[in-house]
Enquirer: 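Below is one structure. I have some questions about it.
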Amino acid sequence: MRIYVCVKQVPDTSGKVAVNENGTLDRASMATIINPDDMSAMEAALRIKDETGCQVTAVTMGPPPAEGMLRELIAMGADDGVLISGREFGGSDTFATSQIVAGALSHLGVGEEDIIFCGRQAIDGDTAQVGPQIAEKLNLPQVTYAAAIEKDGKVLKVRRLLEDGYMTVEVQTPCLITCVKELNEPRYMTVKGILECYKKPVAVLDFEALKDEPLIDLDTIGLKGSPTNIFRSFTPPQKGAGQMLAGSPQEMVNELAGQLAAKHVI
Amino acid sequence: MANSANISEFSGIWVFCEQREGKLMSTDIELISEGRKLADERGTELVGLLLGGAGVGSAAKEMGGYGADKMIVVEDEKLAVYTTDAYTKVICDVITDKKPEVFLIGASNIGRDLGPRVAARLHTGLCADCAHLDINMELYTEFLREASTVDVDSVKFDMEDTNMKMTRPAFGGHMMATIICPRFRPCMATVRPGVLKKAAFDQAKADACRIETVNAVLSEDDLRTKVLEVVKETRKMVDLIGAEVIVAVGNGISKDPQKGIAAANALAEAFGGGVVGASRAVTDAGWLTADHQVGQTGKTVRPKIYVALGISGAIQHRAGMQDSELIIAVNTNEDAPIFEAADYGLVGDLFEIAPLMTEAVKSAKAAG
């Protein structure tokens, strides 16, 4: 039994954001973190590993430095990592990305008892599309927005969050599950894990290794091949005519209350 | 070459009408209203697609009142409760048969499960969580004039372009991006709830709406997940969308989150029936639950009064609140972007200012 955890290295969008001339994100110039929902996916996998001793493999697509993130996940408890990396893959939209990742997973082999965990969505794109699209390409059942998971052999009971409650969904392996942060509290890297993380294998799958995978349609990958393209990116104008109040806190509040009362807002 | 690449064969604007427990969702009305606009721009018909258990079609004509020319209704017991497999199969079958040019889905937890699966199967593009849609190029350039800093006159646009232009916050909400899907059809988008305006209901149009029933072809083998139960949360969900006053807290409460939230609560109550909202930083940190979140991944709100306490105001947050009637922002950083959206800006510590505001609102109300 093997659990694949699909993770993404994302720019820390709470910091400074830089954009390339073609409208894509200038990832090289920004600080990166492991996508938060993906950490919940990793923790979900590690909890099953704690019980069953199964193999946990962290999989990511990204530039070569993303290997560092895979090492961190190995230090958390993953057994190995897979880095899907190639110039031809750059600029892929969700459809293109999911084809490449599904092709890579198929290349590695998805067995009858295997599970693929993903985060619900990445904070740089907020699409929540890659997980379901990987599941579709691999022809696996999916459960998204997982907030609780019970596993009994090949059967998983998943609490799937809805806006107004939840549903409990039963699914069998092999399957794909996307995780929300309510699912768990991700563990920290251990000292032992950090010391050993460079001794464990990280495989690199490049364009050459994956180009003959039947799930990958070479006409619909990368920036040019992706079905969706950025037509234009822009910044909204600043809303004018706001009023900055001056003085001490009490003076500002008095001025505000006076104006609101004059406008009959309060 | 995939069938989806023969783009000239596709026509018509379609909307997926989501139902829960047999009832149409409020988002369906927003999408049908927007779909009407797009269908008129393209000179084509607007079709709603409704899947559900026996009898679900009885509500279908209502969508005509908001602009649908036709509703396609698929009734089957296996469609009564949403499952990814059943809905994906039926929708892909109908779309492959009838070939719509555009397919819109509400960006609910169900729509965002369904949309990507359908797009991947149909071999087409999908744009997530859109906030604005155009087909007509003149309308799009007008939109850019209003909503962007782009110098529209200096850009040469192809005015004959008929791709749907799908605009959404991008890069963690620091910018906006317009996405197109030029090579495949249908062009698909999930659309954020609460952003698009509802059309007025017209009974005559509802009466004129055509209904077409389609049979589902589903076997047990098609269904690989089983829904054991659907539970409505008894816990009181925060009704941000219906609120008249929202007092929202951001990362500025981090030095004492509980005290910051209590201060926001007190101010919300002083205004009378206000509710507490939150930025993503606050829900990510777990200080408030996700149903409090305003912004790109949270909710879009238009209250009469919006108070932002210690929220820096990234575009993703502003996108969710900038249409509020009156915005008051409190932040220690005078350069915080939230002040660009605010009607009144107060530079200072929320822990000091919020209680003063509570007292001032209380005395103004007592005097008024």
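Just so it is clear, the values below take in all heavy atoms, side chains as well, and ignore hydrogens, waters and symmetry mates. So you know, we letter chains A, B, ... as the sequences are listed, proteins then strands, and number each from 1.
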Enquirer: Please classify the contact of B:Glu359 with chain A as side chain, backbone, both or neither, using a heavy-atom distance under 4.5 Å.
Expert: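 Contact with chain A: none, neither part.
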Enquirer: Hey, are A:Gln243 and B:Asp343 close enough side-chain-wise for a donor-acceptor pair under 3.5 Å?
Expert: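 Distance-only check fails for B:Asp343 and A:Gln243.
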Enquirer: Does any heavy atom of chain B fall under 4.5 Å from the side chain of A:Thr178, the backbone, both, or neither of them?
Expert: neither
Enquirer: How far apart are the closest heavy atoms of A:Lys137 and B:Ala120, and which atoms are they?
Expert: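 A:Lys137 and B:Ala120 have their closest heavy atoms at NZ-O, 3.2 Å.
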Enquirer: Checking A:Tyr166 against chain B: side chain, backbone, both or neither under 4.5 Å from a heavy atom?
Expert: both
Enquirer: Looking only at the side chains, is there a donor atom on one of A:Gln133 and B:Arg117 sitting less than 3.5 Å from an acceptor on the other?
Expert: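 B:Arg117 and A:Gln133 do not have a side-chain donor-acceptor pair below 3.5 Å.
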Enquirer: Does any backbone or side-chain atom of B:Asp284 lie under 4.5 Å from a heavy atom of chain A? Answer side chain, backbone, both or neither.
Expert: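 Both parts, heavy atoms under 4.5 Å.
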Enquirer: Scan side-chain atoms only and decide if B:Arg224 and A:Asn139 contain a donor-acceptor pair under the 3.5 Å cut-off.
Expert: yes
Enquirer: Please state whether the side chain, the backbone, both or neither of B:Leu144 comes within less than 4.5 Å of a heavy atom of chain A.
Expert: side chain
Enquirer: Side chain, backbone, both or neither: which part of B:Val118 has a heavy atom under 4.5 Å from chain A?
Expert: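 It is neither, since no heavy atom gets under 4.5 Å.
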Enquirer: Any heavy-atom pair between the side chains of B:Arg183 and A:Thr228 that's under 4.5 Å?
Expert: no
Enquirer: Check each atom of A:Arg160 against the heavy atoms of chain B and say whether the ones under 4.5 Å are side chain, backbone, both or neither.
Expert: side chain
Enquirer: Could you tell me which portion of A:Asn229 (side chain, backbone, both or neither) has an atom closer than 4.5 angstrom to a non-hydrogen atom of chain B?
Expert: both
Enquirer: Taking side chain as everything from C-beta outward and backbone as N, CA, C, O, which of these in B:Lys304 sits under 4.5 Å from a heavy atom of chain A? Side chain, backbone, both or neither.
Expert: neither
